[in-house]
Peer 1: 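Would you mind keeping the following structure in view while I ask a few things?
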Amino acid sequence: MPFSNIMDSNSYQGGRLDDPLIAARGRVLGPAYRLFYDEPVHLVRGQGTRLYDADGQVYLDAYNNVASVGHCHPHVIDAVTRQLSTLNTHTRYLHEGIVEYSQRLLATFPEPQQAGAYQIMYACTGSEVNDLALRVAGMYTGARGVIVTTEAYHGNTEAVTAISPSLGGAATLGPHVRTVEPDLKGLPAAIADLQASGHGVSALIVDTIFSSDGIYPDPTVLAPAAELVRAAGGVLIADEVQPGFGRTGAGMWGFSRHGVVPELVTTGKPMANGMPVAAMAARSEVLAPFAETVPYFNTFGGNPVSMAAASAVLDIIEDEKLIANAASVGAALRSAVCNLADPRIGAVRGVGLYLGVELPDREFARRVVNGMRARRVLISVCGAGGNVLKIRPPMVFSLSDVDWFIAEFAEVLASLAE
């Protein structure tokens, strides 16, 4: 099986043949699935930033943005339980929940004072809404060409696998796709190539913190790139599945840091703290050619239970001031990593509670990740070389969690110096 950077840089490589759960998983799920770490973790419970394994050992979660407001947050549990015990159905019936949530969410977008500036469509996963965004962009622009960054990941449907080089390199890319480095300096050449090939330019789609590329938070690169794409007839799709919902500590959306107003915005993982919901928001004039000719329906997208969970997440972000927490605790985490002054630590990049720590190579990064796992702190890796530690904890991460993380990180680095 070919190596997938995003799937295999921190994957279990086999060897625990005596573990009946690993063996059973392999038999029933097949070889496509992956586990994390050389020694996979069997988790049974979570609370806040803590995870607990089958032996009762406690772990610090410094990786998950799915349970973005903390594992098993009681407000989300209560909202889901109340709605699930009342009604759960699909969007072809009237229900206040989806309308009220959509109004709240769209009020966080640019130009909220203009009624109908953006409209929103729901699905269950980031893959689905990125797939949908490509369709909307294609019908609006009349073009097919898509530009992505060199290690981008935008999902796993057929359409978005074709724009996700991190899944398997150039072999997975469609003929209508061109890649550029995360500094976006290669954009003029990519545009020219798409135009010369007859595909035209439909969209530039970027994760606005360039997470799979190795976490590049520079806020100066995207605005001029968007103008180039628009001049070529295309649109900007901001993939906010990872940087959205306040994670950067600089507002609700990652694109805001860049000073851009995207035509389309997609989001998923952190929306409902683990419940399956994703959304695509589009400027109404961009959405119109698709929405007026293609009937859209997603059986589970926007269902009342998922909307209740998503609404609870917005409550928590506001009530617990999690955007400000991401800014302050994230700054403390970054400063503490830099203060370790280990010569093997290269660039420390990030903003808010999203940090990338560059290490010498893939093998050393893997040893650090597995060393942290052995000390019950969970992180992963990213970047083209698989050598950037990916630190992306729940947004309720605290200063005491920073202390725990740094103490274990220092111990692991010291142990690998021997």
Side-chain angles (χ1 to χ4, degrees), residues 5-6 8-13 36-39 41 49-51 57-65 151 166 181-183 209-219 242-243 247-249 325-418:
N5 205 31
I6 196 169
D8 293 321
S9 291
N10 181 31
S11 66
Y12 168 65
Q13 301 297 318
F36 276 143
Y37 311 115
D38 291 343
E39 292 286 329
V41 183
T49 61
R50 309 295 196 264
L51 291 165
Q57 296 187 102
V58 59
Y59 294 74
L60 177 65
D61 184 0
Y63 177 73
N64 278 291
N65 79 324
E151 288 297 323
S166 67
E181 295 294 329
D183 61 12
I209 200 166
F210 302 94
S211 57
S212 297
D213 292 281
I215 307 173
Y216 291 91
D218 182 354
Q242 298 204 52
R247 174 156 294 278
T248 67
N325 187 71
S328 61
V329 176
L333 176 61
R334 183 177 181 187
S335 177
V337 170
C338 292
N339 287 342
L340 290 173
D342 189 298
R344 294 165 296 181
I345 294 177
V348 180
R349 298 185 292 268
V351 61
L353 281 171
Y354 213 136
L355 199 65
V357 180
E358 196 167 296
L359 297 178
D361 54 48
R362 184 188 301 274
E363 178 56 30
F364 185 71
R366 186 179 178 93
R367 291 172 67 196
V368 169
V369 166
N370 282 286
M372 293 290 278
R373 177 259 175 267
R375 301 186 71 88
R376 300 195 297 278
V377 176
L378 305 181
I379 58 173
S380 191
V381 292
C382 59
N387 66 316
V388 179
L389 300 182
K390 186 177 187 179
I391 305 165
R392 184 193 55 181
M395 287 177 61
V396 291
F397 214 63
S398 67
L399 293 176
S400 62
D401 291 332
V402 171
D403 292 341
W404 182 358
F405 179 92
I406 292 298
E408 301 299 351
F409 190 27
E411 289 289 339
V412 169
L413 289 173
S415 72
L416 294 176
E418 298 171 358

Peer 1: Assess the residue pair Ser11 and Phe36 against the criterion (side chain to side chain contact (heavy atoms under 4.5 Å, CB included)); give the C-alpha distance rounded to whole Å, side-chain angles, the decisive distance to 0.1 Å, and a yes or no.
Peer 2: CA-CA 5 Å; Ser11 66; Phe36 276 143; over 6 Å; no

Peer 1: Taking only residues two or more places apart in sequence or in another chain, which ones pass side chain to side chain donor-acceptor pair (under 3.5 Å) with Arg366?
Peer 2: Asp38

Peer 1: Do you know the tightest heavy-atom contact between Gly350 and Pro217?
Peer 2: N-CG, 3.7 Å

Peer 1: For Ser211 versus Tyr354, what's the shortest heavy-atom pair and its separation?
Peer 2: CB-OH, 3.0 Å

Peer 1: Measuring from atom CD of Glu411 to atom CE of Met372, what distance do you get when rounded to the nearest 0.5 angstrom?
Peer 2: 10.5 Å

Peer 1: Minimum heavy-atom separation for Ala365 and Gly386, please, with both atom names.
Peer 2: CB-O, 3.6 Å

Peer 1: Measure the spacing between OG of Ser400 and CZ of Phe405 and express it to the nearest 0.5 Å.
Peer 2: 14.0 Å

Peer 1: Apply side chain to side chain contact (heavy atoms under 4.5 Å, CB included) to the pair Phe409 and Ile391, showing each step before the final yes or no.
Peer 2: CA-CA 12 Å; Phe409 190 27; Ile391 305 165; 5.7 Å; no

Peer 1: For a side chain to side chain contact (heavy atoms under 4.5 Å, CB included) check, start with the C-alpha distance between Asp213 and Cys382, then their side-chain angles and the critical distance, and finish with the verdict.
Peer 2: CA-CA 7 Å; Asp213 292 281; Cys382 59; over 6 Å; no

Peer 1: Can you name the side chain to side chain donor-acceptor pair (under 3.5 Å) partners of Thr49, sequence neighbours left out?
Peer 2: Asp401

Peer 1: Identify the heavy atoms of Pro394 and Leu353 that sit nearest to each other, and give their distance.
Peer 2: O-CD1, 3.9 Å

Peer 1: Any chance you could measure Ile406, atom CD1, to Asn339, atom CG, to the nearest 0.5 Å?
Peer 2: 8.5 Å

Peer 1: Working to the nearest 0.5 angstrom, can you tell me the gap between Leu60 CG and Phe397 CZ?
Peer 2: 4.5 Å

Peer 1: For the residue pair Ala414 and Arg344, what are the closest heavy atoms and their distance?
Peer 2: N-NH2, 4.4 Å

Peer 1: Looking at CG of Leu389 and CZ of Phe364, how far apart are the two atoms once the value is rounded to the nearest 0.5 Å?
Peer 2: 8.5 Å

Peer 1: Determine whether Asn64 and Leu51 satisfy the following criterion, side chain to side chain contact (heavy atoms under 4.5 Å, CB included), listing intermediate values before the conclusion.
Peer 2: CA-CA 11 Å; Asn64 278 291; Leu51 291 165; 4.3 Å; yes

Peer 1: Working to the nearest 0.5 Å, report the span between CD1 of Ile209 and CZ of Arg392.
Peer 2: 10.5 Å

Peer 1: Between Arg373 and Glu39, is there a salt bridge with N-O shorter than 4.0 Å?
Peer 2: no

Peer 1: Say whether, by atom type as modelled, one donor and one acceptor occur between the side chain of Arg334 and the main chain of Gly356 under 3.5 angstrom.
Peer 2: no

Peer 1: Answer yes or no: is there a side-chain heavy-atom contact under 4.5 Å between Val41 and Tyr59?
Peer 2: yes

Peer 1: Just grab all the side chain to side chain donor-acceptor pair (under 3.5 Å) pairs involving residues 376-390, residues at least two apart or on different chains.
Peer 2: Asn10-Ser380, Gln57-Arg376, Gln242-Lys390

Peer 1: Tell me, do Val388 and Val381 make a side-chain contact under 4.5 Å, heavy atoms counted?
Peer 2: no

Peer 1: Taking the six-membered ring of Tyr216 (Phe, Tyr or Trp), confirm whether the NZ or CZ of Arg349 is under 6.0 Å from its centre and within 45° of its axis.
Peer 2: yes

Peer 1: What are the two closest non-hydrogen atoms of Ile379 and Val369, and how far apart are they?
Peer 2: O-CG1, 3.7 Å

